[in-house]
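Let me begin by presenting the structure, written as structure tokens, before commenting on it.
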Amino acid sequence: MKKVMTKLVSLLLAVVCCFSVGACNNSNNGKTLLKVSVFAAGFGRAWLDEIAEEYMKQNPNVVVKVAASTGMEATAQGALESGRTKSLSDIYSCVAGGNFLTNVNADRLLPLDDVYETVVDGEKLIDKVDPGVIESLKVNGHFYAIPWNASVTSIAYNDKMFASNGWEVPTTMDEFYALCDRISKESSAYAIGYVGGAGCDGYLKSVFQALAFQYEGQAGAREFFDFQTSDVYKMEGRKKAYEAIGKIITGVGQDANKNSKTWIYPGTNNADNESIQKKFFQGEIAMLVNGSWLMTEMKDYVPLYPNFSCKMMNLPWISADKTSKDGGTTNVNVSECTKLVIPKHCANPELAKDFINFMNSDAMLKVYTKNTNNIRPFKYDDVDLGTLDGWTQSIVDVYNNSINVYGVSSNLDYRLGRIKSIMIENIIPRFAGKATSDIDKIIEEIINYEADYAKAFIGK
């Protein structure tokens with residue numbers, strides 16, 4: 001009797017186990033599961049959902065599971081540090097440069113040299129990627145990441161407001177200052193706004209860097225990121241750029257009745273992104289320091305303002321002749337490059353590579369731009385993006401017509417975030433509430449602080 005019961009229990013357990021495995025397989029219909037996890041702020045996840053759907057159509061034996069959240073960076077880092085295959089996604093986004101380097105050095109990421117040799121749309125991937133970003137994807141001569149997202153940061157403007165008032169898009173900072181005075185006098189709107197609240201820098205740091213490198217030229221940018229000496233923080237272009245930012249923050253014009261009127265919208269220095277961007281949509285601000293993520297970030301509000309439209313301008317030049325110190329005449333855009341990585345111990349590394357190759361095709365670059373109004377760090381000259389709205393076309397134009405600087409350096413302290421392109425925590429508090437006449441003194445204090453701070457790491 002005991003033997004019979006033992007066999008019966010064994011049989012029941014076997015049935016339960018088979019049912020459990022079957023249920024697990026049925027959840028993916030016997031298909032291979034590919035897990036992709038990304039950071040989902042600014043540009044959302046619709047682009048990835050559409051790419052995943054298209055990939056599954058072309059690869060019916062694969063299920064792509066997308067996870068996206070604003071907390072994904074911490075989630076990904078925790079999973080990578082755990083090293084448990086079952087808890088790992090096959091692809092992660094990596095936003096923080098320090099995390100990327102840490103994970104490579106800890107042997108947690110899969111080398112991707114072979115992916116860069118893969119031919120996509122008749123061209124090796126390494127030849128499709130923006131050359132300016134290549135070195136940031138490598139450690140010790142090997143690729144460990146694929147570029148995910150680029151960005152354009154400049155000054156957005158209400159193009160309908162500009163057209164109706166006869167205002168021209170400025171090409172130099174002197175023209176920009178004159179336009180701010182004109183807007184103050186001719187319109188009830190304020191000239192400019194930016195995201196200033198909750199410790200934000202209003203995206204002014206990216207604008208500052210672009211102004212500085214546009215003034216110095218490519219040679220100056222390379223010299224800065226070599227970090228051979230702390231004196232790079234005292235470059236003339238940096239002083240000129242801080243001066244421009246100071247004038248934006250402290251500028252005061254006159255309204256039609258000759259009353260004083262600040263260029264920036266009242267409350268800008270304490271405004272969060274949503275509130276100040278709404279003021280821009282409502283026509284209370286003519287220009288807004290912002291980035292290519294603006295319209296995607298505000299997609300829920302766009303239908304509320306059907307008569308609003310905006311475009312992104314090329315960043316105006318500091319130099320009146322629109323020429324850098326080394327003779328260059330091309331605009332500069334400072335872009336961040338977020339990355340996609342494959343964990344070394346994930347379940348499906350080869351499938352992950354195939355999915356990434358699919359993402360990098362021209363057709364999927366088009367899907368990305370359609371969903372995000374933005375670009376990835378690729379060469380777009382030969383990519384047919386179809387008909388774009390005015391905002392997205394202006395983003396593509398600024399990107400294509402600029403030298404895109406990604407802040408790439410081999411300096412270890414820089415890659416680990418110990419020294420930065422801008423050493424002060426925030427630009428805005430340095431100038432907010434001050435008079436334009438105070439700018440020179442403030443700049444001197446900032447420049448000396450940055451150079452002294454960097455010297456502790458650079459050593460000279």
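Fair warning: this is a prediction, and the values are worked out from it, not measured in the lab. Hydrogens, waters and symmetry mates play no part in the numbers below; they use all other heavy atoms, side chains included. Numbers for residues simply follow the sequence, beginning at 1.
- In this structure, CG on Leu211 lies 12.5 Å from NZ on Lys240, to the nearest 0.5 angstrom.
- Asn373 and Thr296 get closest at one heavy-atom pair: OD1-OG1, 3.0 Å.
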* Begin with the C-alpha distance, continue with both residues' side-chain angles, and end with the deciding distance and a verdict on side-chain contact (heavy atoms from CB on, under 4.5 Å) for Phe162 and Leu179. => CA-CA 10 Å; Phe162 269 53; Leu179 176 61; 3.7 Å; yes
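- For Gln58, the CD atom sits in a packed shell: over 12 heavy atoms of surrounding residues, nucleotides or ligands are nearer than 6.0 Å.
- Atom CD1 of Ile276 and atom CG of Asn290 lie 10.0 Å apart (nearest 0.5 Å).
- Nearest heavy atoms, Lys160 versus Ser309: CG-OG, 3.4 Å.
- The side-chain hydrogen bond (donor to acceptor under 3.5 Å, both in side chains) test applied to Lys344 returns Asp107, not counting sequence neighbours.
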Please list, one pair per line, the donor and acceptor atoms closer than 3.5 Å that link side chains of residues 122-133 to other protein atoms, with sequence neighbours excluded.
{"residue": "Lys124", "atom": "NZ", "partner": "Glu117", "partner atom": "OE1", "Å": "2.8"}
{"residue": "Lys128", "atom": "NZ", "partner": "Asp362", "partner atom": "OD1", "Å": "2.7"}
{"residue": "Asp130", "atom": "OD1", "partner": "Gly132", "partner atom": "N", "Å": "2.9"}
{"residue": "Asp130", "atom": "OD2", "partner": "Tyr399", "partner atom": "OH", "Å": "2.9"}
{"residue": "Asp130", "atom": "OD2", "partner": "Tyr406", "partner atom": "OH", "Å": "3.3"}

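- Here the two rings, on Phe308 and Phe280, have centers that are under 6.0 Å apart.
- Closest of all the heavy-atom pairs between Ser93 and Phe39 is OG-N, 2.8 Å.
- Residues forming a salt bridge (Lys or Arg N to Asp or Glu O under 4.0 Å) with Glu350 (at least two apart in sequence, or on another chain): Lys353.
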* To do: Take Gln214 and Asn331 through the test side-chain contact (heavy atoms from CB on, under 4.5 Å) and record every step on the way to the result.
  => CA-CA 6 Å; Gln214 199 159 263; Asn331 286 87; 3.4 Å; yes
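- The nearest pair of heavy atoms linking Ser89 to Ser37 is OG-OG, 2.6 Å.
- Here Trp293 and Tyr203 bring their ring centres to under 6.0 angstrom of each other.
- With hydrogens and angles ignored, the 3.5 Å screen pairs no side-chain donor or acceptor of Ser319 with any backbone N or O of Asp321.
- Atom NZ of Lys379 sits in a crowded spot, with more than 12 heavy atoms from other residues, nucleotides or ligands closer than 6.0 Å.
- Of the possible donor and acceptor atoms, one in the side chain of Asn333 sits under 3.5 Å from a partner among the backbone N and O of Ser151.
- With a 6.0 Å radius and a threshold of 12 heavy atoms from other residues, nucleotides or ligands, Tyr116 has its OH atom above the threshold.
- Legend: residues meeting side-chain contact (heavy atoms from CB on, under 4.5 Å) with Lys278, ordered by chain and number and at least two apart, are Glu274, Gln282, Met298, Tyr301.
- Applying the side-chain contact (heavy atoms from CB on, under 4.5 Å) criterion to Asp49, with sequence neighbours excluded, gives Arg45, Val66.
- The closest donor-acceptor contact from the side chain of Glu135 to the backbone of Val408 lies at 3.5 Å or more, if one exists at all.
- Under the 3.5 Å distance criterion, the side-chain polar atoms of Lys35 are matched with a main-chain donor or acceptor of Leu88.
- The backbone N or O of Ala435 sits less than 3.5 Å from a side-chain atom of Asp438, completing a donor-acceptor pair.
- Put simply, the side chain of Asn426 never gets that close to the backbone of Ile428: no donor and acceptor are under 3.5 Å apart.
- Checked against a 6.0 Å centroid threshold, the rings of Phe213 and Phe225 count as neighbours.
- Remark: side-chain polar atoms of Asp159 are paired, donor with acceptor, to backbone N or O of Cys310 under 3.5 angstrom.
- A distance-only check finds a donor-acceptor pair linking the side chain of Ser394 to the backbone of Trp391 [under 3.5 Å].
- Checking side-chain atoms of Asn259 against main-chain N and O of Asp255 turns up no donor-acceptor pair under 3.5 Å.
- Across all their heavy atoms, Met312 and Val398 have their closest contact at O-CG2, 3.9 Å.
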* To do: Decide yes or no on side-chain contact (heavy atoms from CB on, under 4.5 Å) for Arg376 and Asn360, but give the supporting numbers first.
  => CA-CA 9 Å; Arg376 292 181 64 202; Asn360 296 335; 3.0 Å; yes
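- Under the 4.0 Å criterion applied to side-chain N and carboxylate O atoms, Glu243 and Lys239 are not assigned as salt-bridge partners.
- Ring geometry, Phe281 versus Tyr305: the interplanar angle exceeds 60°, so the pair is classed perpendicular (tilted spans 30 to 60°).
- With Asn158 contributing its side chain and Gly283 its backbone, the two residues share no donor-acceptor pair below 3.5 Å.
- Residues Ser184 and Cys180 come closest through the heavy atom pair OG-O, 2.9 Å.
- For Thr32, the side-chain contact (heavy atoms from CB on, under 4.5 Å) criterion is met by Asn348, Leu351, not counting sequence neighbours.
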